[in-house]
Amino acid sequence: YKPGIEFTFIFANSHGIHNGYESERISSYIRGITTIFDKYNFKHLFLDALWIKYNISFEKILSEVSSKLEGWWKEIPQRELIEKNASQRNKAHSPEIAAQKYYVMRELEKEMFEKDFSGYIFHAFSDSKLQVVLPNMPTLYFYGRDSWSNAPWFVAGEKPQV
(Lines give C-alpha, C1' and ligand atoms only; values in the text may rest on other atoms or scores of the structure.)
Protein backbone atom coordinates (compact mmCIF):
# COMPACT_ATOMS: atom_id res chain seq x y z
CA TYR A 1 0.00 0.00 0.00
CA LYS A 2 1.04 3.58 -0.57
CA PRO A 3 1.45 5.49 2.70
CA GLY A 4 -2.05 6.11 3.95
CA ILE A 5 -1.33 8.89 6.40
CA GLU A 6 0.63 12.11 6.29
CA PHE A 7 1.71 14.09 9.34
CA THR A 8 2.48 17.78 9.22
CA PHE A 9 4.27 18.84 12.38
CA ILE A 10 3.91 22.48 13.37
CA PHE A 11 6.64 23.84 15.63
CA ALA A 12 4.96 26.26 18.02
CA ASN A 13 7.93 28.60 18.29
CA SER A 14 5.59 31.57 18.82
CA HIS A 15 4.12 29.91 21.91
CA GLY A 16 7.59 29.59 23.43
CA ILE A 17 8.17 33.29 22.80
CA HIS A 18 4.79 34.15 24.35
CA ASN A 19 5.82 32.24 27.46
CA GLY A 20 9.01 34.25 27.81
CA TYR A 21 11.50 31.50 27.06
CA GLU A 22 14.90 32.47 25.76
CA SER A 23 14.99 32.58 21.98
CA GLU A 24 18.27 30.63 22.00
CA ARG A 25 16.62 27.76 23.94
CA ILE A 26 13.73 27.72 21.46
CA SER A 27 16.09 27.99 18.47
CA SER A 28 18.30 25.19 19.82
CA TYR A 29 15.30 22.90 20.11
CA ILE A 30 14.04 23.88 16.64
CA ARG A 31 17.47 23.26 15.06
CA GLY A 32 17.73 19.84 16.67
CA ILE A 33 14.24 18.69 15.83
CA THR A 34 14.32 19.98 12.23
CA THR A 35 17.60 18.11 11.69
CA ILE A 36 15.92 14.89 12.81
CA PHE A 37 12.71 15.58 10.88
CA ASP A 38 14.62 16.41 7.69
CA LYS A 39 16.71 13.25 8.03
CA TYR A 40 13.57 11.09 8.14
CA ASN A 41 11.52 13.20 5.71
CA PHE A 42 8.87 14.32 8.20
CA LYS A 43 6.81 17.22 6.88
CA HIS A 44 7.00 20.26 9.15
CA LEU A 45 6.47 23.99 9.31
CA PHE A 46 6.75 26.81 11.80
CA LEU A 47 3.80 28.40 13.52
CA ASP A 48 5.14 31.88 12.87
CA ALA A 49 4.84 31.25 9.10
CA LEU A 50 1.13 30.59 9.60
CA TRP A 51 0.88 33.68 11.78
CA ILE A 52 2.27 35.77 8.92
CA LYS A 53 -0.20 34.25 6.46
CA TYR A 54 -3.14 34.99 8.79
CA ASN A 55 -1.90 38.35 10.06
CA ILE A 56 -1.45 37.20 13.65
CA SER A 57 1.11 39.00 15.78
CA PHE A 58 1.80 39.69 19.44
CA GLU A 59 0.64 43.24 18.80
CA LYS A 60 -2.68 41.98 17.41
CA ILE A 61 -3.11 39.65 20.40
CA LEU A 62 -2.50 42.52 22.82
CA SER A 63 -4.93 44.72 20.89
CA GLU A 64 -7.62 42.01 21.02
CA VAL A 65 -7.14 41.52 24.78
CA SER A 66 -7.23 45.28 25.38
CA SER A 67 -10.47 45.69 23.42
CA LYS A 68 -12.38 43.08 25.44
CA LEU A 69 -15.26 44.25 27.62
CA GLU A 70 -14.71 44.35 31.35
CA GLY A 71 -15.45 40.98 32.94
CA TRP A 72 -15.00 38.98 29.71
CA TRP A 73 -12.41 36.72 31.26
CA LYS A 74 -14.76 35.51 34.00
CA GLU A 75 -17.03 34.04 31.28
CA ILE A 76 -14.31 31.87 29.68
CA PRO A 77 -14.68 28.12 30.30
CA GLN A 78 -11.60 26.53 31.87
CA ARG A 79 -10.05 29.94 32.65
CA GLU A 80 -8.81 28.62 36.02
CA LEU A 81 -6.97 25.76 34.30
CA ILE A 82 -5.53 28.12 31.67
CA GLU A 83 -4.32 30.42 34.47
CA LYS A 84 -2.86 27.48 36.42
CA ASN A 85 -0.91 26.40 33.32
CA ALA A 86 0.23 29.98 32.77
CA SER A 87 1.48 30.20 36.35
CA GLN A 88 3.65 27.15 35.74
CA ARG A 89 4.83 27.96 32.21
CA ASN A 90 4.82 31.66 31.48
CA LYS A 91 7.84 33.67 32.60
CA ALA A 92 6.79 36.92 30.92
CA HIS A 93 3.47 37.91 32.54
CA SER A 94 1.26 37.39 35.57
CA PRO A 95 -0.79 34.17 35.28
CA GLU A 96 -4.03 36.02 34.53
CA ILE A 97 -2.53 38.26 31.82
CA ALA A 98 -0.56 35.36 30.30
CA ALA A 99 -3.69 33.19 30.27
CA GLN A 100 -5.78 35.91 28.63
CA LYS A 101 -3.17 36.48 25.93
CA TYR A 102 -2.84 32.73 25.39
CA TYR A 103 -6.60 32.34 25.06
CA VAL A 104 -6.85 35.15 22.48
CA MET A 105 -3.81 33.78 20.63
CA ARG A 106 -5.45 30.37 20.36
CA GLU A 107 -8.75 31.94 19.26
CA LEU A 108 -6.92 33.67 16.41
CA GLU A 109 -5.12 30.44 15.50
CA LYS A 110 -8.29 28.35 15.31
CA GLU A 111 -9.35 29.81 11.96
CA MET A 112 -5.99 29.13 10.32
CA PHE A 113 -5.89 25.53 11.50
CA GLU A 114 -9.48 24.87 10.48
CA LYS A 115 -8.89 26.39 7.01
CA ASP A 116 -5.39 25.16 6.18
CA PHE A 117 -5.79 21.71 7.74
CA SER A 118 -9.38 20.82 6.95
CA GLY A 119 -9.67 17.05 6.94
CA TYR A 120 -6.68 16.62 9.26
CA ILE A 121 -6.63 15.28 12.80
CA PHE A 122 -5.20 17.87 15.18
CA HIS A 123 -2.59 16.52 17.59
CA ALA A 124 -2.18 18.28 20.92
CA PHE A 125 0.23 18.01 23.81
CA SER A 126 -2.66 19.02 25.99
CA ASP A 127 -5.35 17.80 28.33
CA SER A 128 -8.74 17.34 26.67
CA LYS A 129 -10.16 19.79 29.23
CA LEU A 130 -8.45 22.49 27.17
CA GLN A 131 -10.48 21.80 24.03
CA VAL A 132 -11.79 25.35 24.49
CA VAL A 133 -8.48 26.71 23.13
CA LEU A 134 -8.09 24.17 20.34
CA PRO A 135 -9.52 24.26 16.82
CA ASN A 136 -12.84 22.62 16.06
CA MET A 137 -11.24 19.53 14.53
CA PRO A 138 -10.93 15.88 15.46
CA THR A 139 -8.16 15.87 18.08
CA LEU A 140 -5.67 13.31 19.33
CA TYR A 141 -4.16 14.15 22.73
CA PHE A 142 -0.56 13.19 23.49
CA TYR A 143 1.02 12.80 26.90
CA GLY A 144 4.75 12.66 27.57
CA ARG A 145 4.04 10.49 30.60
CA ASP A 146 0.97 9.30 32.46
CA SER A 147 -1.67 12.08 32.44
CA TRP A 148 0.85 14.84 31.70
CA SER A 149 2.35 16.50 28.68
CA ASN A 150 4.90 19.20 28.14
CA ALA A 151 6.55 21.14 25.36
CA PRO A 152 10.32 20.66 25.32
CA TRP A 153 11.21 24.16 26.51
CA PHE A 154 9.14 23.63 29.67
CA VAL A 155 11.23 20.63 30.71
CA ALA A 156 13.68 21.52 33.44
CA GLY A 157 17.11 20.01 33.50
CA GLU A 158 20.13 19.81 31.31
CA LYS A 159 19.75 21.35 27.86
CA PRO A 160 20.66 18.92 25.07
CA GLN A 161 23.56 19.88 22.84
CA VAL A 162 22.66 20.34 19.19
Side-chain angles (χ1 to χ4, degrees), residues 7-30 33 44-157 159:
F7 283 91
T8 300
F9 293 88
I10 301 171
F11 301 134
N13 50 326
S14 304
H15 289 203
I17 294 166
H18 160 73
N19 284 315
Y21 286 83
E22 305 86 24
S23 48
E24 180 50 40
R25 186 174 182 108
I26 296 167
S27 296
S28 174
Y29 165 72
I30 298 288
I33 200 73
H44 56 82
L45 55 98
F46 297 93
L47 183 61
D48 57 358
L50 290 169
W51 275 27
I52 291 167
K53 180 178 178 181
Y54 283 88
N55 195 31
I56 299 172
S57 65
F58 291 113
E59 294 78 16
K60 184 173 184 175
I61 293 165
L62 181 58
S63 175
E64 292 276 330
V65 170
S66 299
S67 69
K68 297 283 188 191
L69 297 175
E70 188 174 334
W72 75 274
W73 185 240
K74 292 186 183 349
E75 304 300 319
I76 300 301
Q78 299 298 339
R79 72 177 166 81
E80 293 92 356
L81 179 56
I82 300 168
E83 285 180 27
K84 179 183 173 199
N85 288 346
S87 74
Q88 297 167 347
R89 297 177 175 166
N90 193 289
K91 299 175 180 225
H93 307 285
S94 71
E96 184 174 5
I97 296 300
Q100 290 174 8
K101 287 182 175 183
Y102 178 77
Y103 179 83
V104 168
M105 176 173 58
R106 297 309 301 253
E107 284 293 304
L108 293 170
E109 291 174 350
K110 285 180 182 183
E111 177 187 2
M112 69 182 193
F113 287 126
E114 292 167 6
K115 283 184 177 179
D116 280 18
F117 300 97
S118 174
Y120 279 63
I121 298 172
F122 189 82
H123 293 70
F125 284 98
S126 172
D127 188 306
S128 61
K129 293 176 191 162
L130 289 174
Q131 181 60 47
V132 66
V133 297
L134 300 177
N136 185 20
M137 300 169 66
T139 304
L140 180 61
Y141 299 94
F142 284 98
Y143 296 93
R145 55 183 179 250
D146 189 29
S147 297
W148 186 82
S149 65
N150 232 341
W153 40 82
F154 297 145
V155 178
K159 185 166 72 168

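For the pair Lys68 and Val104, the minimum side-chain heavy-atom distance is below 4.5 Å. Side-chain contact check for Asn85 versus Asp127: every heavy-atom pair is 4.5 Å or farther apart. Between Ile33 and Phe9 there is no side-chain heavy-atom pair separated by less than 4.5 Å. Under the 4.5 Å side-chain criterion, counting only non-hydrogen atoms from C-beta, Trp51 is in contact with Glu109. Residues Ile56 and Glu64 fail the side-chain proximity criterion, which asks for heavy atoms closer than 4.5 Å. Looking at heavy atoms from C-beta onward, Ser28 lies in side-chain contact with Glu24 at the 4.5 angstrom threshold. Contact check for Phe113 versus Leu134: no side-chain heavy atoms found under the 4.5 Å cut-off.
Note: Phe142 and His123 have parallel aromatic rings, judged against thresholds of 30 and 60 degrees for the angle between ring planes.
Separation of atoms NZ (Lys129) and CG (Leu81) is listed at 7.0 Å; rounding is to 0.5 Å. Between the CD1 atom of Ile97 and the CG atom of Leu62 there is a distance of 9.0 Å, given to the nearest 0.5 Å. Note that OG of Ser14 and CZ of Phe46 are 10.5 Å apart. Values are rounded to the nearest 0.5 Å. If you take CD on Gln100 and OG on Ser94, they are separated by 8.0 Å, rounding to the nearest 0.5 Å. Interatomic distance, CD of Gln131 versus OG1 of Thr139, reported as 4.5 Å (0.5 Å rounding). To the nearest 0.5 angstrom, Phe122 atom CZ is 7.0 Å from Met137 atom CE.
Under the 3.5 Å distance criterion, with hydrogens and angles disregarded, no donor-acceptor pair is assigned to the side chains of Tyr103 and Gln78. A donor-acceptor contact closer than 3.5 angstrom links the side chains of Tyr102 and Arg106.
Considering all non-hydrogen atoms of both residues, Ser87 and Pro95 come closest at CB-CG, 3.6 Å.
Not counting sequence neighbours, Leu69 has no partner by the side chain to side chain contact (heavy atoms under 4.5 Å, CB included) test. Every side chain to side chain contact (heavy atoms under 4.5 Å, CB included) that Lys53 has, sequence neighbours left out, goes to Asp116.
For the pair Asn90 (side chain) and His18 (backbone), a donor-acceptor distance under 3.5 Å is present.
Electrostatic pairing of Lys110 and Glu114 does not count as a salt bridge here, judged by no charged N lying under 4.0 Å from a carboxylate O.
The environment of CG in Leu45 is crowded: more than 12 heavy-atom neighbours from other residues, nucleotides or ligands sit within 6.0 Å.
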Under the criterion side-chain contact (heavy atoms from CB on, under 4.5 Å), I'd like the reasoning laid out for Asn19 against Lys91: C-alpha separation, chi angles, the key distance, then a yes or no.
CA-CA 6 Å; Asn19 284 315; Lys91 299 175 180 225; over 6 Å; no
